Chemist: 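The structure follows.
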Amino acid sequence: MSLAFLALALVCVVTASAAMISRNLIHSALLLVLTWIGLAGLYLWAGADFVGFSQAIVYVGGVSMVVLFAVLLTRRQRDEPLVLIPEAGVGRVVAGLAATFWVAALLVPAMVVAPLVQRAGPGPTLTVKRIGELLAGPHLVAVLVVGVILTVSLIGALYLAAPVTAEDQPEWDNGGTGRDRGNQEEPS
Amino acid sequence: MSPLHLCLLLSTVLFCIGLAAVLVRTSAILVLLGVELMLNAANLNFIAFWRYGPGGDDTGVIFVLFSIAVAAAEAAVGLALVIALHRHRRTIALKAANQLRG
């Protein structure tokens with residue numbers, strides 16, 4: 001077991017725990033970006049280069065930006081520097097941690113004693129060319145379906161997040177009225 | 001302990017951290033981030049079994065690619081829901097999301 005794996009695992013676990021404990025939402029989002037970087041490093045360490053770079057581009061580059069935008073758009077006041085969130089009640093914390101502990105107590109011993117058949121020697125090599133052949137060949141239908149899912153969900157996200165009424169508009173945006181904006185010609 | 005077992009343990013730990021966040025935290029954004037963490041833990045399992053498992057095919061890697069795409073779509077829709085919740089209730093506490101057509 002290499003030192004790199006242990007270091008990356010430590011980074012992932014520490015940043016993920018800190019992100020989920022932190023009371024500041026911006027700190028949580030930024031710490032979780034570190035977790036995603038650590039996971040991308042783990043994929044690279046395992047030899048899945050393409051997946052590692054996909055993880056870095058999609059999560060570190062894309063999802064983190066969406067999360068940070070959501071955090072900043074949902075501040076209570078414009079000038080509020082920190083996005084503090086109210087703490088959960090004691091009952092919720094105890095029940096949640098108990099349920100988590102129960103799941104962990106089931107999973108960890110099962111993982112440790114599981115007799116897993118393992119490959120001896122070096123891992124498989126998977127070139128980008130081979131991934132392209134797999135995606136364009138046997139998995140072509142799945143690629144198309146994922147494309148449709150992404151398109152529909154992003155249009156749906158836009159529809160959900162768009163302001164509905166005039167008073168929902170932020171004060172800096174005085175052009176058009178929400179969803180009808182696309183129908184009318186905006187003076188430039 | 002073998003590398004495969006260590007990978008599975010790491011993914012279990014990450015999954016449990018995400019699960020705790022989903023169950024304990026009150027902010028909708030943090031609950032979404034917990035779900036993302038659980039998805040990432042599942043992806044790590046796919047990669048670990050692809051790397052150390054006995055199978056000779058590369059389905060694990062392909063599955064992780066699709067999983068990342070679907071997780072990105074889920075994050076976009078979830079955060080749009082959070083923004084819609086904030087517009088209606090001026091808060092992102094999950095306790096406020098207790099009404100249909102609110």
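The chains referred to below are lettered A, B, ... by the order of the sequence lines, with proteins before strands, and numbering in each begins at 1. Model, not experiment: these values are computed from the prediction.
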Chemist: Looking at A:V94, A:L116, A:V108, A:T35, which makes the most heavy-atom pairs under 4.5 Å with chain B?
Modeler: A:L116

Chemist: Heavy-atom distances under 4.5 Å only: say whether A:V112 touches chain B with side chain, backbone, both or neither.
Modeler: both

Chemist: Select one option (side chain, backbone, both, neither) describing which atoms of B:L44 are under 4.5 Å from chain A's heavy atoms.
Modeler: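 Looking at B:L44, backbone and side chain both touch chain A.
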
Chemist: Under 4.5 Å heavy-atom distance to chain A, tell me which part of B:V77 shows up: side chain, backbone, both or neither.
Modeler: both

Chemist: B:G18, B:P54, B:A41: which one forms the most heavy-atom pairs within less than 4.5 Å of chain A?
Modeler: B:P54

Chemist: Can you tell which part of A:V145 gets under 4.5 Å to a heavy atom of chain B, answering side chain, backbone, both or neither?
Modeler: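 The answer is neither part of A:V145.
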
Chemist: Which of the residues A:P124, A:A16, A:G156 is involved in the greatest number of heavy-atom pairs with chain B at under 4.5 angstrom?
Modeler: A:P124

Chemist: Count the heavy-atom pairs under 4.5 Å between each of B:V70, B:L85, B:L10 and chain A, then report the option with the highest count.
Modeler: B:L10

Chemist: With a 4.5 angstrom heavy-atom cut-off, which part of B:V61 approaches chain A: side chain, backbone, both or neither?
Modeler: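 For B:V61, heavy atoms of backbone and side chain both lie under 4.5 Å from chain A.
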
Chemist: Can you say whether A:A95 sits under 4.5 Å from chain B via the side chain, the backbone, both, or neither, judging by heavy atoms?
Modeler: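 Looking at A:A95, nothing touches chain B.
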
Chemist: Check each atom of B:I47 against the heavy atoms of chain A and say whether the ones under 4.5 Å are side chain, backbone, both or neither.
Modeler: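 Side chain only.
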
Chemist: So which part of A:V146 gets closer than 4.5 Å to some heavy atom of chain B, the side chain, the backbone, both or neither?
Modeler: side chain

Chemist: Given the options B:T59, B:L14, B:V64, which has more heavy-atom pairs under 4.5 Å with chain A than any of the others?
Modeler: B:L14

Chemist: Only pairs of heavy atoms separated by less than 4.5 Å count here; which of A:V67, A:L42, A:V152 has the most with chain B?
Modeler: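 The candidate making the most pairs under 4.5 Å is A:V67.
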
Chemist: Is it the side chain or the backbone of B:L94 that comes within 4.5 Å of chain A heavy atoms, both, or neither?
Modeler: side chain

Chemist: Hey, are B:N43 and A:Q55 close enough side-chain-wise for a donor-acceptor pair under 3.5 Å?
Modeler: no

Chemist: Need one label for A:L39: side chain, backbone, both or neither, based on atoms under 4.5 Å from any heavy atom in chain B.
Modeler: side chain

Chemist: Return the orientation label for the A:Y59 and A:W36 ring planes: parallel under 30°, perpendicular over 60°, tilted otherwise.
Modeler: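 Tilted, since the angle between the ring planes falls between 30° and 60°.
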
Chemist: Side chain, backbone, both or neither: which part of A:V58 has a heavy atom under 4.5 Å from chain B?
Modeler: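 A:V58 touches chain B through side-chain heavy atoms alone.
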
